[in-house]
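To start, the structure under review is shown below, and the notes come after it.
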Amino acid sequence: MSGSLAGKPPLGGFDATTVGIGCMVGGGIFVVLPRIAEAAGFAVAASLALAALVAYCSAASTFLLGAGLRNTGRGNEVGTTRSAARVLLGPYMGFVTGWTLVCALLAAAAVLALAFGLYVAPDFARPAAAGAAVAATALTLFGVFRGPWVLRFVLAFVLGVLGFGVVVAINEAGLRPPQPEVLQEPTSTTGLLQGAGFAFFAFAGYSRLAAGGYKVRDPERNLARALPAAVLLTLGLYILVAQSLLAWFQGPAALAGSLTPLREPVAAVGLGIGTAAVAVAAGAACLSGAWVLLESVARTAAAMAADGDLPRVFGHTGRTRHVPWPACAVAGAVVVTLVLTASLDTLLALACFALLLHAAITNLCGYTLDQRRWYTPRAVNLAGLAGALIMALSLPPMPILLMLIVLVAGYVVRLVFPRTEA
């Protein structure tokens, strides 16, 4: 596996769909369901569906930004929202977009690293999480990037374990009728929206395929089909897993109280085989996710340094591996610090808020484009923008405040210090 996908053959429609599913189905499903159940109650499926809708709108906008600006000769060769925002909304908005993405990716990587620790070594979760963050950083520093074959392997294993968990949960739940009072628990609109905000974390990988992270043959045709297909299939899988866990836990309250919800139903399988399988699948998915997130942070920080939005040192690369090692090393240190000091719930809320803000900017940029595709009318951009903002503001207030402080602090520093072109 090399550090570049430049020599790889482009993906067809089916391969693009499987890669799109693999970009989304990963560590997120192992951690978000308790928070969705706590917020949305029995309306977990509705929260997941709303998050999937916003994810599709954002994916369509991401693809539109890359293709639309390239066709008009206005830049954005890399297909990112940050570079599109610089072209469409100005350099300062480009910085805000990039800084928001960096903060989102760092928090998301910390979530997955901590989830790795909780599933693989629950008695030593934080040290194991720090070890996962160090391992992901080392892989990136050595120029080892996650290629499509790694993604497919992890996806196949995770799907097998999730299917096994669903069968066990449904089979065991059939022997225990739910309590009548549990079925009467109400769900508020605010709770449904907050649950959708948390659920968005499990769909956030949509941007990797939509932005051209993997080369697709005839993208105008294949990506137009692969993106909605990947989101819908992922949504169906998530709903199946969520409903089976609701049945096994006999309601959302018990599910909300579990840190490792996919481990508990299979714990009864003889000789600990089920628990071990879930631990390995969760560990592989979370480590793989943290790995690609840290690589994305380093790449984004290096691009921002090249534009003068971050100190130029973050754009320095090695002579042989061409990895922006200062950005990668700092990102790894930040993630290690986060997993050793913050709770999983706080990190998840921070990541979701920043990811939703970035999705809102993506849809806003998409709305400003004149060149449209038949499958990306402005209504798609408006739906994604409104949905992302509403879901973001429905999250718990303290993480919102914390992330806003970080984002505003970065913007103030950007205004105070002079901008230097690389």
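From Arg86, atom CZ reaches atom OG1 of Thr97 across 10.0 Å, with rounding to the nearest 0.5 Å. Atom SG of Cys328 and atom CZ of Phe142 lie 10.5 Å apart (nearest 0.5 Å). Of the inter-residue distances, the one linking Leu350 atom CG with Leu338 atom CG reads 8.0 Å to the nearest 0.5 angstrom. Taking NE2 of His358 as the start and OG1 of Thr62 as the end, the distance is 7.5 Å to the nearest 0.5 Å. The CG atom of Leu404 sits 10.5 Å away from the SG atom of Cys103 when rounded to the nearest 0.5 Å.
The shortest distance between side-chain heavy atoms of Arg414 and Val96 does not fall below 4.5 Å. Side-chain contact check for Gln194 versus Pro396: some heavy-atom pair is nearer than 4.5 Å. For the pair Asp307 and Phe95, the minimum side-chain heavy-atom distance is 4.5 Å or more. By the 4.5 Å heavy-atom criterion applied to side chains, Ile36 and Leu33 are counted as neighbours. Tyr56 is not listed as a side-chain neighbour of Tyr206, based on a closest heavy-atom distance of 4.5 Å or more. Phe353 is listed as a side-chain neighbour of Leu357, based on a closest heavy-atom distance under 4.5 Å. Between Ser61 and Thr376, every side-chain heavy-atom pair lies at or beyond the 4.5 Å cut-off. Using a 4.5 Å heavy-atom cutoff, the side chains of Pro265 and Glu172 are not in contact.
Taking both residues in full, the closest heavy atoms of Leu262 and Val278 are given as O-CG2, 3.7 Å, listed atom of the first, atom of the second, then distance. When all heavy atoms of Ala130 and Leu340 are compared, the closest pair comes out as CB-CD2, 4.2 Å. Nearest heavy-atom pair across Leu192 and Ala46 is CD1-CB, 3.8 Å. When all heavy atoms of Val336 and Val134 are compared, the pair lying nearest together is CG2-CG2, 4.0 Å. The two residues Val339 and Ala110 have their closest heavy-atom pair at CG1-O, 3.5 Å. Closest approach of Ala128 and Gly117 over heavy atoms only: CB-CA, 3.8 Å.
Between the side chain of Trp99 and the main chain of Val406, a donor-acceptor pair closer than 3.5 Å is present. Of the possible donor and acceptor atoms, none in the side chain of Ser258 sits under 3.5 Å from a partner among the backbone N and O of Ala254. Between the side chain of Ser244 and the main chain of Val241, a donor-acceptor pair closer than 3.5 Å is present. For Thr368 (side chain) and Cys365 (main-chain N/O), a donor-acceptor pair under 3.5 Å exists by modelled atom type. Checking side-chain atoms of Arg378 against main-chain N and O of Leu369 turns up a donor-acceptor pair under 3.5 Å. Panel note: side chain Tyr119, backbone Phe30; a donor-acceptor pair is recorded below 3.5 Å.
More than 12 heavy-atom neighbours from other residues, nucleotides or ligands sit within 6.0 angstrom of CZ on Phe157.
For residues 257-267, no pair satisfies salt bridge (charged side-chain N to carboxylate O under 4.0 Å, His left out), with sequence neighbours left out. Legend: salt bridge (charged side-chain N to carboxylate O under 4.0 Å, His left out) pairs involving residues 328-352, not counting sequence neighbours, sorted by first then second residue: Arg35-Asp345.
Only one option out of Leu101, Leu105, Val102 pairs with Ser296 in a side-chain contact (heavy atoms from CB on, under 4.5 Å); it is Leu105.
Cys352 meets the side-chain contact (heavy atoms from CB on, under 4.5 Å) test with Phe198, Phe201, Leu348, Leu395; sequence neighbours excluded. Partners of Arg126 by salt bridge (Lys or Arg N to Asp or Glu O under 4.0 Å), not counting sequence neighbours: none found. Taking Ala125 as the reference, Leu118 meet the side-chain contact (heavy atoms from CB on, under 4.5 Å) condition, with sequence neighbours excluded. Tyr238 is linked by a ring pair (Phe, Tyr, Trp, His ring centres under 6.0 Å) to Phe203, counting only residues two or more places apart in sequence or in another chain.
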